[in-house]
Every structure is written in C-alpha cells, then in structure tokens.
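Notes follow the structure.
All residue numbers refer to positions in the sequence shown, counting from 1. The model shown is predicted, which means the values in this text are computed figures rather than measured ones.
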Amino acid sequence: MTRIVRSALVAPLALAALCPATADTPARPQTAADAAVLQQTATVATERAGRVISAGSPDGRAAAGFSASNVQFTSENGETSLSIAAAIEVQSYSAPDGEGYYRISKTKIGAVGTVPIDGKSKGGNLFAGDSLVSGSKLKLSVTRLSTRVGNGGDSTPQIAAAYKACVSQNATVWAYGQADRAGATPVAATVSAGLNAQMNGSGNINFDRIFGEAYRAGGAGKFIAQACSPGVDGAKFADESMLIEAYGDDPEGYRSRFLPKGAKLSFMGIDASFGREDHTYLDRAAFKLPSVPRTSWEAGAYYGQINSDLTFSWRIRGVYGQTYKDNDEAPLCRTVSIPAGTECIKGPDGAPLRQRTGLFSVEARKLVTVSDGTQIAIAPQITYKTKDSNIGVEVPIYLVPDEKGKLSGGIKAVYNSKGDEFAVGVFVGVPFSIFYN
C-alpha cells in the first residue's frame with residue numbers, strides 16, 4: 001500500500017463532512033481490513049451527510065432510538081404538533097473505477113410519527129408541504145445517499161512535486177542548523193538528491209518506504225522525513241493536503257481531484273405515510289354534526305441532488321394516495337317551539353368523500369450567508385394535485401435562529417390556485433436543513 005493510496009481520503013473543503021481528513025484512511029480498499037477502515041470513515045461522517053437521508057426527522061438528524069434530538073415540537077399558524085423520529089443506517093462502498101474514484105453510499109430506513117397536540121390542526125396548517133396525509137400520521141421511508149470520491153487520476157504528480165519542493169527546502173534548513181554548515185551542506189544536497197530521484201512524479205510511488213528509510217537513516221534524512229512526510233513520527237503535517245497547501249503550486253486544484261468535475265451528492269428514496277383524522281359533517285336526518293374518523297395513505301418516490309459546498313439542494317417527488325375530502329358547507333335549519341323560532345347548524349353537507357389522487361412537487365433549498373456571518377435561507381416548493389388540478393406554492397423564508405443558532409423560524413407565503421387563495425404566516429420550531437427530511 002503506497003502513501004498516495006493510503007492518504008487519498010484527505011477531504012476537499014466541499015466534502016469535509018462526508019469524508020473527513022484522515023491520514024490513515026485507505027482511499028482504494030484492497031483488503032477486508034482496509035474496507036473496514038473506509039466504512040468506519042463513512043460512519044464518522046454522519047452529521048452532514050446523514051441529514052440528507054434523515055427519513056422525515058423533524059430536525060433533520062434522525063438516529064436510532066428516541067433521544068432528545070428525535071423529538072420536535074413545531075408551531076405554525078397557531079397550531080402545534082409533536083413529532084418523534086427514529087432510523088437505522090447502513091453504509092457501504094464500491095471498488096475504485098478506472099478513473100481512480102470509488103463510491104460511498106448510505107442507506108437509511110426511518111420512521112417519524114406526528115401527532116397534533118392542540119386539536120386545531122385540521123385544514124389550517126400552512127406548512128402542509130407535499131404530503132396528502134394530515135392529522136395524526138406515521139411516515140416510513142428508505143433513502144439512499146451516494147457520491148463519488150477519491151484521489152482521481154492526476155494527484156500523484158502533484159503530491160510528488162510538493163514533496164520535492166519540501167525536501168529541497170528542508171535540506172537547506174537542516175544544513176543551516178548544523179554547527180559545521182559547510183560540511184553539512186553537501187550531505188544535505190546528497191540526501192535531497194537521493195530522495196527526489198525516487199519521486200519521479202508518476203506511477204505508484206511508495207512514499208512510506210522512501211521516507212521511512214530516510215527517517216531510519218537519521219541525520220538529514222530524519223529531519224527531512226519529519227518535515228515532509230505525514231506518515232512518520234513527529235511529522236509536521238497530518239496529511240498530504242496540508243503539505244500541498246504549504247509547498248504545492250495549485251492547492252485548490254489538488255482538492256478538486258477528490259471529486260469528478262461537477263460532482264454532486266445525489267439521493268433517492270421511497271416513502272409511505274398513513275394518517276387518521278376526524279371529519280365533522282352535517283347529518284340532515286339527525287340534525288347534528290357528528291365526527292367520524294377516516295384513514296388516509298400515500299406512497300411516494302423522490303430524487304434530488306446537493307451541491308458539493310452544501311449550500312443548495314433540489315428534489316422532485318411523485319405521490320399517489322387516498323384522502324378524504326369534506327363536502328361544501330351548507331346550513332340546515334328547523335323550527336323549534338321552545339323557545340319559538342328557528343334553530344340552525346352549518347357544516348360540510350354529508351359524510352366526507354373518499355378520493356384517490358396524485359401529487360407532484362418540485363422543491364429547492366438555498367442557504368445564504370449575509371453580512372457578518374448572518375445566515376438566512378429560502379425553501380420554495382411548488383405542488384400539483386392531479387384530482388382537482390390544484391397548484392400550490394409555498395415560499396418559506398428562514399430568518400430567526402434558535403438558541404443553538406440553527407435557523408428555525410421565519411415567514412411564509414402560501415398560494416393555492418383552487419379558490420385563488422393567498423396567505424402569509426409566521427412559523428417557529430421548524431429547523432431549516434439543506435438536507436431533505
């Protein structure tokens with residue numbers, strides 16, 4: 001296993017969350033042990049990469065069990081709900097392809113339950129999103145996140161060039177630090193030339209062996225090895241990324257090699273929701289407004305991408321399901337004798353109607369940093385319901401952070417084409433995440 005192979009998971013800034021810099025992580029797993037290390041690396045990187053597949057967690061960070069981070073109270077338009085989420089994760093990798101990249105994947109199986117706790121959720125919640133199911137509900141989902149990472153085909157020459165520059169400079173530094181500088185200078189030059197001769201900038205260079213031998217030789221070799229090789233005792237640099245930052249000609253270009261050009265983090269999944277809600281209707285024969293429970297359901301599939309700097313994402317989703325629709329309201333009056341006069345009630349005219357319908361949605365999320373590090377976010381969504389050809393538009397703007405600094409409140413404009421309805425509301429307790437729940 002060579003040095004360039006062993007350290008190729010030194011992450012670029014764009015993927016620091018998915019693949020944290022680790023000097024001892026194999027980028028191209030060759031053995032079961034290497035594969036285990038790689039899988040552990042992916043496991044560590046759950047805070048950001050895991051949120052994209054949080055399976056409906058209201059705070060975007062579902063994890064196995066019912067910890068505090070899985071419980072969320074949301075309040076919007078005067079309505080409050082309680083949500084509890086749980087999930088399990090499976091992570092995997094694939095062998096490197098011909099271009100030197102391999103794929104890390106995460107699959108999450110999750111569940112989230114939501115219960116209105118103030119009894120006022122029916123028909124009024126502005127934050128309906130792209131779900132057909134309302135009221136008390138359970139959502140199950142399976143989501144897969146994947147991305148290609150690796151050292152790419154052109155990293156080795158860049159690393160070798162940085163090593164050579166480092167070796168030459170530190171050979172001079174070593175000689176300058178010796179009492180007999182004149183005698184030390186040709187020794188340093190010989191060591192420098194010998195090391196550089198072994199780093200020809202191509203092929204499968206074993207930097208571990210090269211600098212390991214120099215370190216064991218002591219003197220100038222040990223000094224240079226500690227200054228230039230992340231893999232030896234007392235090393236100055238933790239990884240090649242730091243070395244190239246100090247001695248490379250194109251640090252940004254080196255980091256970009258960990259991603260194919262224009263690479264994105266992609267995700268896809270399926271979900272299903274089941275909900276139960278009470279419907280009140282006008283019973284003309286009994287002259288009353290009884291309430292009956294009805295069960296609705298939906299099944300959906302979605303696909304989306306997140307840009308590599310983790311500030312923008314988009315998703316498309318299709319849903320088919322069964323819901324219940326209230327009839328139009330109508331008054332019902334009758335004559336009473338005590339006291340003499342007319343008594344009237346008003347409500348949906350008849351029991352709720354069952355209907356099968358589809359829904360399609362497109363959503364984008366953008367995190368924007370304004371002056372002094374202040375952040376705001378916007379998450380517009382457009383939905384289309386096939387049954388009644390209703391187009392809905394929601395534009396939440398996140399402006400208010402919670403006590404932990406996470407954006408969780410703001411204002412939202414909502415429009416429904418059916419009835420030409422427009423509303424503006426204030427929401428709190430709905431944390432923003434660039435990753436889809």
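Contact detail for Leu282 and Ala330: the closest heavy-atom pair is CD2-O, 3.4 Å. Of all heavy-atom pairs between Ala379 and Pro396, the closest is O-CD, 3.0 Å. Nearest heavy-atom pair, Asn416 versus Gly392, reported as atom, atom and distance to 0.1 Å: OD1-CA, 3.8 Å. The two residues Tyr324 and His279 have their closest heavy-atom pair at O-CE1, 3.7 Å. Residues Gly321 and Leu132 come closest through the heavy atom pair N-CD1, 3.9 Å. Residue Cys228 comes nearest to Leu243 through the heavy atom pair O-CD1, 3.7 Å, listed as atom of the first residue, atom of the second, then distance.
Taking CD1 from Ile316 and CD from Gln305, the interatomic distance works out to 10.0 Å, rounded to the nearest 0.5 Å.
Contact of the Lys366 side chain with the Thr311 side chain is registered, since non-hydrogen atoms from C-beta on lie closer than 4.5 Å. In this structure the side chain of Thr323 never reaches within 4.5 angstrom of the side chain of Val133, judged on heavy atoms. Looking only at side-chain heavy atoms (C-beta outward), Tyr281 and Asn327 stay at 4.5 Å or farther from each other. Residues Arg315 and Asp130 have side chains in contact (heavy-atom distance under 4.5 Å, counting atoms from C-beta outward). Between Tyr384 and Ser389, some side-chain heavy-atom pair lies under the 4.5 Å cut-off. Annotation: side chain of Thr357 is not in contact with side chain of Tyr320 (no heavy-atom distance under 4.5 Å). In this structure the side chain of Phe422 reaches within 4.5 angstrom of the side chain of Val424, judged on heavy atoms.
Judged by distance alone, the side chain of Ser192 and the main-chain N or O of Ala171 form no donor-acceptor pair under 3.5 Å. With hydrogens and angles ignored, the 3.5 Å screen pairs no side-chain donor or acceptor of Asn390 with any backbone N or O of Lys385. Lys406 contributes a side-chain N or O that, together with a main-chain N or O of Phe432, makes up a donor-acceptor pair within less than 3.5 Å.
Side chains of Thr143 and Tyr302: a donor-acceptor N/O pair is present below 3.5 angstrom, by distance only. For the residue pair Ser131 and Glu298, a side-chain donor N or O sits within less than 3.5 Å of a side-chain acceptor on the partner. Side-chain contact of Gln322 with Ser296: a donor-acceptor pair under 3.5 Å is absent, judged by distance alone.
Ion pair Asp271/Arg317 flagged as a salt bridge, since at least one NZ, NE, NH1 or NH2 atom sits closer than 4.0 Å to an Asp/Glu carboxylate oxygen.
Within a 6.0 Å sphere centred on CG of Asp402, heavy atoms belonging to other residues, nucleotides or ligands number more than 12.
Put simply, the residue from Met199, Arg216, Gln198 that forms a side-chain contact (heavy atoms from CB on, under 4.5 Å) with Phe211 is Met199.
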